[in-house]
Amino acid sequence: MTTADDDLPAASRQMTSSFLTDVLTGLSAPLKQVPPKYFYDEAGSHLFDRICELPEYYVTRTELGILQDSAADMAQALGPGVLLIEPGSGNSAKISLLLAQLQDPVGYVPVEISGEHMLASLEAVRAQFPDLEILPVCDDFTAPFTVPTSSRAPSRRVVFFPGSTLGNFPPHDAVELLRSFHEVAGPDGALLLGADLRKAPEIVLPAYDDSAGVTAAFNRNLLVRMQRELGADLDADAFRHQAVWNDAESRIEMHLVSTAAQTIRVGGQCFEFAAEEPIVTEYSYKYTRERLAGLATEAGFRVAQVWTDAREWFSVQLLTRN
Ligand code: AVJ
């Protein structure tokens with residue numbers, strides 16, 4: 001088994017150096033930014049779990065509802081003997097709903113950068129499906145990764161990518177990511193994709209600016225992580241959380257706004273902020289079904305089936321290879 005345990009120290013060293021590189025590059029850009037994948041350290045992963053419970057955050061609840069209603073139908077569409085690959089796993093609830101319905105899956109391959117969080121959620125899957133072969137990969141799924149070989153040959157590979165994480169990627173990058181999943185899935189492979197849909201900003205915006213301030217803490221945790229892991233010299237309280245709906249781009253933008261003119265120091269470099277200057281920390285695109293079908297087509301997929309909730313807020317889509 002390709003267990004992550006042995007590789008963890010090396011993997012996290014690797015992670016630190018790319019965190020530093022990405023922070024330095026991002027803060028040097030005219031519009032300052034830090035990639036959202038760095039939200040998910042131990043504290044960030046827990047804060048995200050709390051976001052999923054918030055009344056305003058409809059995303060997880062709606063997707064879970066679709067999976068509860070239609071996992072049997074999805075399993076039927078996928079067929080027996082699949083190897084299930086989950087990039088960015090970290091929470092077992094969704095995969096469990098699918099695994100419970102799949103007919104004789106040959107294995108489960110979780111792919112996750114946050115090693116410890118993955119291992120914890122893996123235990124839940126292991127307990128529920130003791131006979132399932134689990135082949136974890138500790139890697140960044142946005143870069144190409146090797147799929148481990150299962151003991152039994154699969155009928156097909158199925159990439160399961162729930163949670164609307166695709167929405168973090170601007171259209172061009174989203175197509176690139178879909179292309180890499182197309183590659184990972186291989187001939188006869190498929191992608192089961194969870195995607196949040198475009199809807200009224202009155203519904204979307206509060207999901208990223210909740211009244212309890214959990215999303216604000218999640219966003220500011222990035223600064224805390226920079227202090228702890230990179231020795232950044234900054235005051236996290238001198239930045240405030242901001243969520244903006246950008247209608248033209250059909251996306252939520254999360255910002256950390258500098259409350260005053262200030263200088264912060266990271267990795268031996270100084271970065272000047274004007275008062276009210278933002279760091280962009282996340283885009284969360286809300287694509288229409290048509291737009292998603294367009295992106296899928298560009299990546300070589302065909303939309304075979306779509307499951308949604310009654311309000312059509314969220315979709316789970318089965319993309320197959322042409
Ligand atoms: C995990 C990327 C789907 O964009 O809704 C939640 C992350 N950010 N609240 C999303 C997130 C702020 C989330 N995804």
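Just so we're clear, the structure is a prediction, and the values are computed from it rather than from any experiment. Residue indices begin at 1 and follow the sequence shown. Indexing begins at 1, ligand by ligand and atom by atom, following the structure's order. The basis for the numbers below is simple: all heavy atoms, side chains too, and nothing from hydrogens, waters or symmetry mates.
Ranked by closest heavy atom to atom 14 (N) of ligand 1, the top entry among P162, G163, A243, A195 is G163.
One finds the CG atom of L191 at 10.0 Å from the NE2 atom of H182 (value rounded to the nearest 0.5 Å). Taking CZ of F271 as the start and CD of Q262 as the end, the distance is 13.0 Å to the nearest 0.5 Å. Atom CE of residue M74 and atom CD of residue Q317 lie 10.5 Å apart, to the nearest 0.5 angstrom.
Neither the backbone nor the side chain of Y58 comes within 4.0 Å of ligand 1, counting heavy atoms alone. At a heavy-atom distance under 4.0 Å, no atom of F39 approaches ligand 1.
When only non-hydrogen protein atoms are considered, atom 4 (O) of ligand 1 lies nearest to S284 OG, 2.8 Å. Closest protein heavy atom to atom 2 (C) of ligand 1: N168 OD1, 3.2 Å. In this structure, atom 13 (C) of ligand 1 lies nearest to the protein heavy atom Y57 OH, 3.3 Å. What sits closest to atom 11 (C) of ligand 1 on the protein, heavy atoms only, is E282 OE1, 3.5 Å.
Each of the atoms 1 (C), 7 (C) of ligand 1 lies under 4.0 Å from some heavy atom of Y40. In the vicinity of F218, heavy-atom distances shorter than 4.0 Å reach the ligand 1 atoms 8 (N), 12 (C). In summary, the atoms of ligand 1 found under 4.0 Å from a heavy atom of F48, numbered by their order in the structure, are 1 (C), 6 (C), 7 (C), 13 (C).
Side-chain rings of F218 and F39 approach one another, their centers coming within less than 6.0 Å. Centroid-to-centroid, the aromatic rings of F273 and F239 come within less than 6.0 Å. Here F314 and Y58 keep their ring centres 6.0 angstrom or further from each other.
Between S164 and ligand 1, a contact under 3.5 Å exists for no N or O pair.
Applying the salt bridge (Lys or Arg N to Asp or Glu O under 4.0 Å) test to E56 and every residue at least two apart in sequence or in another chain returns nothing.
Between A243 and L205, the shortest heavy-atom distance links the atoms O-CD1, 3.7 Å.
Ligand 1 is never approached by G167 to a heavy-atom distance shorter than 4.0 Å.
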